[in-house]
Protein chains: 2
Amino acid sequence: MGKGEETKQAIVDQALELASTVGLEKLTIGTLAGATGMSKSGLFAHFRSKEQLQLQVLVQARQRFIDIVIAPALKKPRGEARLRAIFETSVKQWEEDLPGGCIFHAVSAELDDRPGPARDYLVDTQRDFADTLRRAAEIAIEEGEFRKGLDLDQFVFELGAITAGYHHSGRLLGDPDAEQRARDMFEGLLARSH
Amino acid sequence: MGKGEETKQAIVDQALELASTVGLEKLTIGTLAGATGMSKSGLFAHFRSKEQLQLQVLVQARQRFIDIVIAPALKKPRGEARLRAIFETSVKQWEEDLPGGCIFHAVSAELDDRPGPARDYLVDTQRDFADTLRRAAEIAIEEGEFRKGLDLDQFVFELGAITAGYHHSGRLLGDPDAEQRARDMFEGLLARSH
DNA sequence: CTGATAATAGAACGAACGTTCGTATCGTCA
DNA sequence: TGACGATACGAACGTTCGTTCTATTATCAG
């Protein structure tokens, strides 16, 4: 990896941390330059537009999510154990990996009414993740862990609701019990799926 | 109501609509002035700071939520029927009252890492609403509709997760089935509470 | 009707933003 | 090591933002 790619990685890593708290739009190029010890113009040259920078942040976030949450879960046994692994690392490692918590939840309200490449990429990321969850649940049915006839889309919706609620309660309201409540809710969902 | 209060109301009403889609920060005074047919300075004089304007938007949102969701529900019978009314109007009327959906969900990610009066007011609003839900569920226990020993805080958490998930799926992902999925999830929660 | 007061407009401000440009410095490989 | 492209910098641009100031118009009680 040449020098260019190296610093570009460092920039995007730093940008990811900032964006998780202040959002993609308020992540300013000047602030980011200060945080990385670079000049505005020197940093800007790596992206050529702020839109590109925002997109790279999401690309990096997706990759990091795969590394932290998805990849380890794929080493677990198929089915329910894999779903448990995804949920558990989502709550424990992923939500605490960045200072603002899960960046997808942090920026989704910001992007949901602003069309563009960033929004498209976020939607694609979320859809892809939803597919992964649906497939994992499907496997759990095949393995006999989940009952036949389980509504997979409803299962995925409820799983998404748990994490959305967890992010909301934990971040805005600062509920210290949010993690355990999300876990209990998840266990309830699994029990109902058997 | 004097002329001043009258136009101020009209301004905040318009601001509420814009803020539900673009957020509190990107709701710009120039844009708002254009939308209301006023000059920037003429509009600004009503608030004296943007922070005050943002706060008034949240105050108005809270009042409107009470008018649309809470007040009608209080006319329903105590207990489960009242909880049903709150949920149903939250999903049907409230989420469609503003172009960007529930403004509290729309701005919570924006405010959760930005301390200040706006954040404080939003948190207070959410806590107050959570108390209302908790009290309604408590009544349902007293009436014998919900089982004794039901974890009220967990109930409120799960209810919040349902609406958070609904907003997320409906807004960002544009899932047309989100409303029905949220309803099904709610019915499941009620059934488990009996 | 009239005068005090409130409400609005217009112009301008300083600051912050994304972006451009010319120049200097650094990394890399012949 | 020398040279050339890649990388970074400083200064400046045009815009947009919230905010202020001053002048003008509308409102409403006496």
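Every chain is numbered from 1 and lettered A, B, ... according to where its sequence line falls, protein lines coming before strand lines. What you see is a predicted model; the values in this text were computed from it and never measured.
Side-chain contact check for B/Q56 and B/Q60: no donor-acceptor pair (N or O, by modelled atom type) lies under 3.5 Å.
The side chain of A/M38 has D/dA8 as its nearest neighbour among D/dA8, C/dG18, D/dG18. Considering only the side chain of A/S39, D/dA8 comes nearest among D/dA8, C/dG18, D/dC17.
For B/F155 and B/F146, the distance between ring centers is under 6.0 angstrom.
Between A/K26 atom NZ and C/dG18 atom P there is a gap of 10 Å when expressed in whole angstrom units. One interatomic measurement links the two molecules: CD1 of A/I11 to P of D/dC9, which rounds to 9 Å at whole-angstrom precision. C/dC17 atom P lies 13 Å from atom CG of A/L43, rounded to whole Å. In this structure, B/E5 places its CD atom 8 Å from P of C/dA7, rounding to the nearest Å. Separating the NZ atom of A/K40 from the C1' atom of D/dC13 is a distance of 11 Å, rounded to the nearest angstrom. Atom CD of B/Q54 is separated from atom P of D/dC17 by 14 Å (rounded to the nearest Å). One can place CZ of A/F44 at 11 Å from P of C/dC21, the figure rounded to the nearest angstrom. Protein atom CZ of A/F47 is 10 Å distant from nucleotide atom P of D/dA8, rounded to whole Å.
Under 3.5 Å, the side chain of A/S41 and the base of D/dG10 form at least one donor-acceptor pair of N or O atoms.
Classification of B/R134 and B/D131 as a salt-bridged pair holds, one side-chain N sitting under 4.0 Å from a carboxylate O.
The shortest distance between side-chain heavy atoms of B/T125 and B/L58 does not fall below 4.5 Å.
Proximity of B/T28 to the phosphate of D/dG18: a side-chain N or O atom is located under 4.0 Å from OP1 or OP2. Side-chain N/O atoms of A/S49 include none lying less than 4.0 angstrom from OP1 or OP2 on C/dT19. Distances shorter than 4.0 Å separate some side-chain N or O of B/H46 from OP1 or OP2 on C/dT8.
Note that the CD atom of A/Q154 and the CG atom of A/L159 stand 11.5 Å from one another [nearest 0.5 Å].
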